[in-house]
2 protein chains.
Amino acid sequence: MIGALIGDPARANMLTALMSGKALTASELAAEAGITPQTASSHLSKLEAANLTRQRKQGRHRYISLANDDVGGVLEALMGLAAKCGHVRARTGPRDPALRRARVCYNHLAGELGVRLHDSLKANGFVREEGEDIDLTDRGAAFVREFGIDLDALSTLRRPLCLSCLDWSARRTHLAGSLGTALLDRIYTLGWARREENSRVISFNRKGEQDFLKTFAV
Amino acid sequence: MIGALIGDPARANMLTALMSGKALTASELAAEAGITPQTASSHLSKLEAANLTRQRKQGRHRYISLANDDVGGVLEALMGLAAKCGHVRARTGPRDPALRRARVCYNHLAGELGVRLHDSLKANGFVREEGEDIDLTDRGAAFVREFGIDLDALSTLRRPLCLSCLDWSARRTHLAGSLGTALLDRIYTLGWARREENSRVISFNRKGEQDFLKTFAV
DNA sequence: GGAATGCTTCGACTATGGTCGAACTATGAA
DNA sequence: TTCATAGTTCGACCATAGTCGAAGCATTCC
């Protein structure tokens with residue numbers, strides 16, 4: 001059963017670290033989980049055997065990342081449930097408010113600003129939401145092209161364009177999928193925000209946040 | 001961490017069984033998980049402490065259900081990820097079809113027709129249900145008086161007028177309390193049905209069932 | 001009243017699996 | 001070559017917690 005894999009504290013810590021979307025080495029993950037490399041090695045074999053993670057060997061390094069978006073989504077949902085039930089992991093630091101404001105959820109924007117983006121797209125009729133499915137409208141397609149995204153390139157990917165993802169802190173839906181990733185990349189490119197080192201926090205600078213709020217008005 | 005709770009095979013089996021949406025007893029869950037009742041009892045305390053499940057004591061039974069939709073959603077996601085086809089065998093209630101159709105529950109009507117009565121009262125705005133509480137509305141009071149029940153006499157009893165009771169076979173709420181008893185008595189008096197000897201079965205005659213279904217329409 | 005059922009608590013047993021030390025392989029650098 | 005780093009495998013240890021038998025409590029049935 002897959003739950004048992006996620007259940008172990010050490011593995012949970014590693015998976016949480018991988019939620020940043022970055023590929024981490026086995027040693028880094030060991031440090032993150034507070035265990036020795038040999039123990040981590042054992043855990044990583046199991047995670048990989050269950051197809052929760054994927055590895056890429058490069059030289060003498062072994063880079064680990066989550067196997068796919070689904071895994072990230074399930075982990076996010078689990079964290080949300082844990083947060084709601086009051087079983088939040090210890091480790092609540094000063095980063096917490098920033099995390100709530102804007103963070104990376106595997107590869108797309110989450111937190112208050114992530115919800116804001118989703119709501120804005122919906123309010124303006126750029127996406128149509130039906131249950132758990134999200135579809136980009138014609139007007140929405142025009143909008144994202146205008147925003148500077150190569151929509152045709154995204155369409156050729158096998159990955160779904162729009163996916164809904166449940167937010168951990170706000171308990172609201174936000175946008176995942178290849179479009180979600182592309183939007184976040186574009187936000188970096190525009191210089192509105194940057195990733196904090198060793199953290200899931202996304203820091204918007206003053207001007208970037210103003211532009212963001214103006215572009216994605218509700 | 002919540003993942004550890006879901007991780008254990010026994011608990012996973014129980015939660016899977018509860019995914020049907022029905023409330024199950026502690027013993028049923030023990031059987032479902034293939035463990036003894038005392039082990040199940042221990043697991044259930046933990047699940048409840050973590051707010052994953054909710055219990056409702058009724059008589060000597062303890063009905064367990066998932067705490068909320070979020071829990072179900074996460075479990076669903078996990079199972080989808082595990083690509084595990086959930087063969088959730090729902091073992092529903094009594095084998096005797098007659099018992100399932102209509103029977104006495106202490107002193108009021110239960111079974112499919114009991115659920116029907118409850119649903120009808122609710123659909124017509126005769127009762128208002130809030131959580132586990134049920135209240136008779138003004139229109140409902142008029143209705144039961146019209147049906148031939150001395151409501152004022154019931155009001156003088158110390159016993160609660162309306163109580164919700166969880167159905168044994170259908171696992172749905174139905175009406176208990178002094179009003180539930182009075183309604184069943186009235187059904188006897190009208191000659192719609194009678195108690196079978198040495199059984200909890202209530203036999204409606206053909207005309208009686210027709211009248212019942214017409215009176216308590218949904 | 002007594003019998004039967006549903007469930008819990010207690011205590012003891014046991015097995016799974018997480019953990020680390022030590023030794024080993026593999027890649028890269030000097 | 002020699003050394004250093006990254007990671008693995010092996011073996012042993014041991015704590016956690018899942019398990020059940022026995023006994024007890026609570027409720028309903030007859």
Side-chain angles (χ1 to χ4, degrees), chain A residues 1-15 23-50 53-65, chain B residues 1-15 23-50 53-65 91 93-94 96 99 103-108 110 163 165-169 171 176 181 195-201:
Chain A
M1 177 73 188
I2 220 168
L5 284 174
I6 305 178
D8 177 72
R11 284 190 295 256
N13 278 330
M14 297 197 211
L15 290 172
L24 299 173
T25 66
S27 322
E28 286 170 331
L29 286 173
E32 194 72 32
I35 53 179
T36 59
Q38 55 266 41
T39 304
S41 180
S42 151
H43 286 310
L44 290 173
S45 320
K46 289 171 188 167
L47 288 176
E48 172 132 9
T53 59
R54 177 189 297 167
Q55 65 159 308
R56 204 176 56 219
K57 270 190 177 168
Q58 238 174 50
R60 53 183 170 179
H61 291 273
R62 179 180 170 191
Y63 288 97
I64 319 286
S65 56
Chain B
M1 176 76 184
I2 228 166
L5 284 174
I6 305 179
D8 177 71
R11 284 192 293 258
N13 280 331
M14 297 198 213
L15 291 171
L24 298 173
T25 66
S27 321
E28 286 171 332
L29 287 172
E32 196 71 36
I35 52 179
T36 58
Q38 56 266 38
T39 304
S41 182
S42 150
H43 285 310
L44 290 173
S45 322
K46 288 171 187 165
L47 289 175
E48 171 133 10
T53 59
R54 184 195 297 163
Q55 66 157 309
R56 183 162 167 196
K57 267 191 179 171
Q58 201 157 276
R60 52 186 172 182
H61 292 273
R62 180 178 169 191
Y63 287 97
I64 319 287
S65 55
R91 46 173 66 190
D96 192 342
L99 263 181
R103 68 177 177 279
V104 66
C105 177
Y106 311 146
N107 45 27
H108 57 270
L163 284 176
C165 184
L166 198 55
D167 198 88
W168 169 40
S169 51
R171 298 301 148 83
T181 305
R195 264 296 282 283
E196 291 286 339
E197 289 292 330
N198 297 327
S199 159
R200 298 175 58 193
V201 171

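The figures here come from the full heavy-atom set of this structure, side chains too, leaving out hydrogens, waters and symmetry mates. Treat the numbers as computed from the prediction; the structure is a model and nothing was measured. Lettering follows sequence order; numbering is per chain, from 1.
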Discussion item. From the set D:dT9, C:dC20, D:dC20, return the single nucleotide nearest to any side-chain atom of A:Ile35.
Written reply: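 Among the listed nucleotides, the one closest to the side chain of A:Ile35 is C:dC20.
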Worksheet item: Which nucleotide in the list C:dC20, D:dC20, C:dG18 gets nearest to the side chain of A:His43?
Response: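 Within the option list, the nearest is C:dG18.
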In whole Å, I'd like the distance from the [atom1] atom of [X] to the [atom2] atom of [N].
X       : N      : atom1 : atom2 : result
B:Leu29 : D:dG18 : CG    : C1'   : 17 Å
A:Glu28 : D:dT5  : CD    : C1'   : 14 Å
A:His61 : C:dT27 : NE2   : P     : 13 Å
B:Leu44 : D:dT19 : CG    : P     : 12 Å
B:Leu5  : D:dT16 : CG    : C1'   : 14 Å

Worksheet item: Toward the 5' end of DNA chain C, which comes first, A:Gln38 or A:Asp8, by nearest nucleotide?
Response: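 Result of the comparison: A:Asp8.
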Would you mind classifying the nucleic acid contact of [X] as base, sugar-phosphate or nothing, using non-hydrogen atoms under 4.0 angstrom?
X       : value
B:Lys46 : sugar-phosphate
A:Thr25 : sugar-phosphate
A:Ala10 : sugar-phosphate

Practice prompt. Check whether any side-chain N or O of A:Thr39 sits under 4.0 Å from OP1 or OP2 of C:dC20, and answer yes or no.
Written response: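 A:Thr39 to C:dC20 OP1/OP2: side-chain N or O found under 4.0 Å.
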Practice prompt. Give a yes/no answer on whether the side chain of A:Thr36 brings an N or O atom under 4.0 Å of OP1 or OP2 in C:dC20.
Written response: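 For C:dC20, OP1/OP2 do have a side-chain N/O of A:Thr36 under 4.0 Å.
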Is there a side-chain contact between [X] and [Y], using heavy atoms and a 4.5 Å cut-off?
X       : Y       : value
B:Leu44 : B:Met14 : yes
B:Leu24 : B:Tyr63 : no
B:His43 : B:Ile35 : yes

Fill in: Reported CG-to-CG distance for the pair B:Leu47 and B:Leu15, which is rounded to 0.5 angstrom
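Result: 5.5 Å between the selected atoms.
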